[in-house]
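The structure appears right after this line, and notes come after that.
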Amino acid sequence: MLLKNAKVVNPQTNYEKISDIRIENGIIVKFEPDIKPENNEEVIDLTGLTVTPGLIDMHCHLREPGFSSKETVKTGIESAINGGYTAICPMPNTNPVTDNVVTLQYLLYRAKEVSDIGFYPICAVTKGLGSEKTVNVSELLDSGAVAFSNDGKPIENMKILREALKYINSQNSLIISHSEDSTLSEGGVINEGKVSAQMGLKGIADITESLAVARELEVVRSVKGKYHFAHISTKRSVELIRQAKKEGLNVTAETAPHYFSLSEDDIKDYDAKYKVNPPLRTKEDVEAVINGLKDGTIDVIATDHAPHTISEKQSPIQIAPMGMAGFETSLGVTLTYLVHSGKLSLMEAIKKYTSAPMKILNLKNQGCISIGNEANLTVIDLNEEWIADASKFKSKCKISPFDGYKLKGRVKMTIIKGKIYKIG
Ligand code: DOR
């Protein structure tokens, strides 16, 4: 199969040029401008479209086992493919928690049943996401875990965090932090500030996040650890991570599309579709997150796809669970709010979806277009304008704050090991 005439953007090698890609048996065998088709070769003309390495989502929730009414491995993968992803990393806050080899193997088996998507589970740091016992790290790594996180809940026992970080790093893996001080966030619904005051809702102050980031940075410093901060949402957190990187700490960070496109001012009608943890912050925080993306303080854009049932998300905002569907709007929101707005170049944005997470997690066959690699690719129409329609999501979660938004830039195909999934 020959993909012809696309603009190929490959951040790993800083390559941006009209080129062709030949794929044989799911592997990229030739990649250069003007490849002549061979006899009987299927040629796919991608004139006017852009090809990137397949998108990687290093932070999502698929809810299986335990919460299949919210999402399953199958619907989650279908939703991810619809969003242009060729690799995903599900978080372990399921029931049972992915803190043991049996649950991990179950997940890997379920994913294989659905597709060949790169499937890289993140396992819990502690048993049952509790505060007592750490998991068996080497056994989980041997069985296919790529990193460790208690996402959804912070690790607040610094002794456990410090010991776990030392051991996990010694096994060439890393911890992904959900940075939150739960004594400050308890019972909070939306960001603490003018909107929470107007609406009479309990707030979650920005220090809830930055206090945890600061404390964890000290732990990382003390053990010279490798550490990744998930879903960064505040100006102060961005400043702390920027400073830590300047000082040479081995830390990386991610944010999600809703933290650079929406603020607390968008929350309307007590609608729980805006409820997420960390919460949508102020316009000043949004600007700081964008600056963090621009200067490299924030390395990765991940979805934090956190589906819940329609009835849960239609409950009163005070009791509805936190989280929103993310896969199917992620790239469109990024292209609209960061690239078409001139804040990031296309190369900078695509890097945060591909080579950056690939390097942090040390993934093979993902994040880079090169000869000999599996053909995991995303085909994008940068200029197509479309209306996000949550009712059409493949995810079970058909509620999204971006429902009805006009976006510019749309995924047209997701190619996994040479198999084409047509989208949009
Ligand atoms: O909004 C969120 N939902 N944030 C998290 O950290 C966890 C997630 C979930 O699992 O629902």
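Source: prediction; values computed, not measured. Counting starts at 1 for both ligands and their atoms, following the listed order.
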Next item on the list: For the pair Ser79 (side chain) and Phe327 (backbone), establish whether a donor and an acceptor sit closer than 3.5 Å, ignoring hydrogens and angles.
Entry: no
Next item on the list: Would you check whether Gly323 has a nitrogen or oxygen atom less than 3.5 angstrom from a nitrogen or oxygen atom of ligand 1?
Entry: yes
Note to self: Show the atoms of ligand 1 that are less than 4.0 angstrom away from any heavy atom in Ala306.
What the structure shows: 3 (N), 8 (C), 9 (C), 11 (O)
Check: Relative to the heavy atoms of His308, which atoms of ligand 1 are at a distance of less than 4.0 Å?
Finding: 11 (O)
Check: Does at least one non-hydrogen atom of His231 fall below 4.0 angstrom from an atom of ligand 1?
Finding: yes
Margin query: Under 4.0 Å from a heavy atom of Asp151: which atoms of ligand 1 are those, numbered in the order shown and with their elements?
Written below: 6 (O)
Check: Among side-chain atoms of Asp57 and Thr303, is any donor-acceptor pair under 3.5 angstrom?
Finding: yes
Notebook entry, point to check: Based purely on interatomic distance, does Met322 place a nitrogen or oxygen under 3.5 Å from a nitrogen or oxygen of ligand 1?
Noted result: yes
Note to self: Donor-acceptor check, side chain of Thr75 to backbone of Glu71, threshold 3.5 angstrom: yes or no?
What the structure shows: no
Notebook entry, point to check: Is there a donor-acceptor pair closer than 3.5 Å between any side-chain N or O of Thr72 and the backbone N or O of Ser68?
Noted result: no
Checklist line | Where ligand 1 meets Arg63 - atom numbers and elements under 4.0 angstrom, heavy-atom basis | finding: 9 (C), 10 (O), 11 (O)
Margin query: Does either side chain, that of Ser185 or that of Glu180, offer a donor lying less than 3.5 Å from an acceptor on the other one?
Written below: yes
Notebook entry, point to check: Taking only heavy atoms of His178, which atoms of ligand 1 are found under 4.0 Å from at least one of them?
Noted result: 6 (O)
Checklist line | Test ring pair (Phe, Tyr, Trp, His ring centres under 6.0 Å) applied to Tyr167 and Phe148, step by step | finding: CA-CA 11 Å; Tyr167 189 67; Phe148 295 84; 9.2 Å; no
